[in-house]
Amino acid sequence: MVKQRKSIVFNKQTLSYEEKTEPKVLAYIRRIGYGVGVTVMSASMVYALFLMFGSPKSASIRARYEETMSKVMVIAERVDRYDNELSNLAFRDEGVYRTIFGMEEIPSQVRNAGFGGVDRYAYLEDDVTGDVGPLVKKIDRLTKMAYVQTMSYDQVSVVASKTEQMNAHIPVISPMNPIKGHYRISSPFGNRNDPMSKARKFHEGIDFAMPVGTPIYSVADGKVEKVKLDFFGYGNQVVIDHGFGYKTRYAHMKRINVRVGQSLVRGQYIGDSGNSGKSTGSHLHYEVIFKGKPVNPYNFVDLEMDPKEYETLVQQVNEKKLNPNRL
């Protein structure tokens, strides 16, 4: 039942105040208007809440989305940390391990290359946030870098297992017994005025001035690659391939006591110093070649070695040659 409103109105005819009851029709209209107003207001509030928070299902989806994105951000932080750690490993690998063992550098395009394929990331086209795509690509790149780094460590491990053998093949002693007063460095490695032409040229080795006939020895284990006897240039020379990227050259010799293909050990006699070829005096021209390029032999020549220790090394080599089965 609709409640009718009552009001007090002034009757001009009777000049008095009288109680007046609202018509039922007006009461119904008022009630309907009130209901519509409440309904509209409720709908407006619901719509506003929907715009702010979405439907219950949308709210659930949004909550899962925010949880997922939170996990993505955590993963992204970890990936950045792994990226830095892997970069540090690659730096030590190139700057320390591979350098120590004389191994070839791994090109940056090999270490940092991603994964090919035009459609490989097609499924990421709907990544509306723009966060997932770069993360997936970065993970792919790190996966490739980790694989390359693992392969590099495998190679380093193989070479490291042969360290003792490699040490025997690296030039470390002088090509003659470094007795003080029996030699002098007459020309160092680097640019100099050529003693013949007087022109400025690069000298690819060290010249040890010494008497003709001074015994010359192999500075490391290796195999004779070249024996050349002539009257020009380097004169009588020997080139020994020591492996692991190292070679040595002994030039201007008077006598050569080895042949091409012969295996040598450190401290083995190869001939005598002389004055052959393009030379202005008795000396030994000595070179160290690493991966096809001349390097400063001074970094590989131990001129402070005790002459007695050097002589002992030479004697042990001779004894082993005379008694190959001796332990």
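Please read these numbers as outputs of a predicted model, since none were measured by experiment.
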Distance-only donor-acceptor pairs under 3.5 Å for side chains of residues 301-309, two or more places apart:
residue	atom	partner	partner atom	Å
Asp302	OD1	Glu304	N	3.1
Asp302	OD1	Met305	N	3.3
Asp306	OD1	Lys308	N	2.9

Which donor-acceptor pairs under 3.5 Å do side chains of residues 223-231 form with protein atoms, sequence neighbours excluded?
residue	atom	partner	partner atom	Å
Glu225	OE1	Lys247	NZ	2.8
Glu225	OE2	Lys247	NZ	3.3
Asp230	OD1	Phe232	N	3.4
Asp230	OD1	Gly235	N	3.4

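Distance CG/Asp272 to CE/Met210: 11.0 Å, rounded to 0.5 Å. Note that the CG atom of Asn177 and the NE2 atom of His182 stand 9.0 Å from one another [nearest 0.5 Å]. In this structure, CD1 on Ile206 lies 10.5 Å from CD on Glu287, to the nearest 0.5 angstrom. A distance of 8.0 Å separates CG of Asp207 from OG1 of Thr280, quoted to the nearest 0.5 Å.
Counting all heavy atoms, side chain and backbone alike, Pro171 lies closest to Val219 at CB-CG2, 3.6 Å. Residues Ala168 and Ala220 share a closest heavy-atom pair of O-CB, 3.5 Å. Smallest separation of non-hydrogen atoms from Phe300 and Val295: CE1-CG2, 3.7 Å. Heavy-atom minimum distance, Pro297 versus Gly205: CG-CA, 4.1 Å.
In this structure Tyr286 satisfies the side-chain hydrogen bond (donor to acceptor under 3.5 Å, both in side chains) test with no other residue, sequence neighbours excluded. Applying the side-chain hydrogen bond (donor to acceptor under 3.5 Å, both in side chains) criterion to Asp241, with sequence neighbours excluded, gives no partner residue. The salt bridge (charged side-chain N to carboxylate O under 4.0 Å, His left out) check on Arg266 picks up nothing, with sequence neighbours excluded. A search for side-chain contact (heavy atoms from CB on, under 4.5 Å) contacts involving Val156 returns Asp93, Tyr97, Arg98, Phe101, Met103, Ser152, not counting sequence neighbours. For Ser276, the side-chain contact (heavy atoms from CB on, under 4.5 Å) partners are Asn236, His252, not counting sequence neighbours. Legend: residues meeting side-chain contact (heavy atoms from CB on, under 4.5 Å) with Asn299, ordered by chain and number and at least two apart, are Asn296. Taking the salt bridge (charged side-chain N to carboxylate O under 4.0 Å, His left out) definition, one finds that Glu204 meets it with nothing, sequence neighbours left out. In this structure, the side-chain contact (heavy atoms from CB on, under 4.5 Å) partners of Arg259, at least two apart in sequence or on a different chain, are Gln262.
Hydrophobic clustering (ILVMFWY, side-chain heavy atoms < 4.5 Å, transitive): Val172 and Ile289 are in distinct clusters. Hydrophobic clustering places Met253 together with Met176 (ILVMFWY residues linked when any side-chain heavy atoms are closer than 4.5 Å, directly or through intermediates).
For residues 165-179, there are no salt bridge (charged side-chain N to carboxylate O under 4.0 Å, His left out) pairs, not counting sequence neighbours.
Counting heavy atoms from C-beta on, the side chains of His285 and His203 come closer than 4.5 Å. Taking the side chain as every heavy atom from C-beta outward, Ser174 and Tyr310 approach each other to under 4.5 Å. Looking only at side-chain heavy atoms (C-beta outward), Ile270 and Tyr217 stay at 4.5 Å or farther from each other. The closest side-chain heavy-atom distance from Val238 to Ile216 is not below 4.5 Å. The side-chain heavy atoms of Tyr269 and Asn257, taken from C-beta on, include a pair separated by under 4.5 Å.
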Test side chain to side chain contact (heavy atoms under 4.5 Å, CB included) applied to Val288 and His242, step by step
CA-CA 10 Å; Val288 175; His242 302 282; over 6 Å; no
Go through the steps for Tyr250 and Ile256 under the test side chain to side chain contact (heavy atoms under 4.5 Å, CB included), then give the verdict.
CA-CA 10 Å; Tyr250 313 77; Ile256 295 176; over 6 Å; no
One pair to check against side chain to side chain contact (heavy atoms under 4.5 Å, CB included): Thr214 and Leu284. What are the steps and the verdict?
CA-CA 9 Å; Thr214 301; Leu284 173 73; over 6 Å; no
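With side-chain heavy atoms closer than 4.5 Å counting as contact, directly or through intermediates, Tyr234 stands alone and belongs to no larger hydrophobic cluster.
Between Tyr246 and Phe290, the angle of the ring planes lies from 30° to 60°, which puts this pair in the tilted group.
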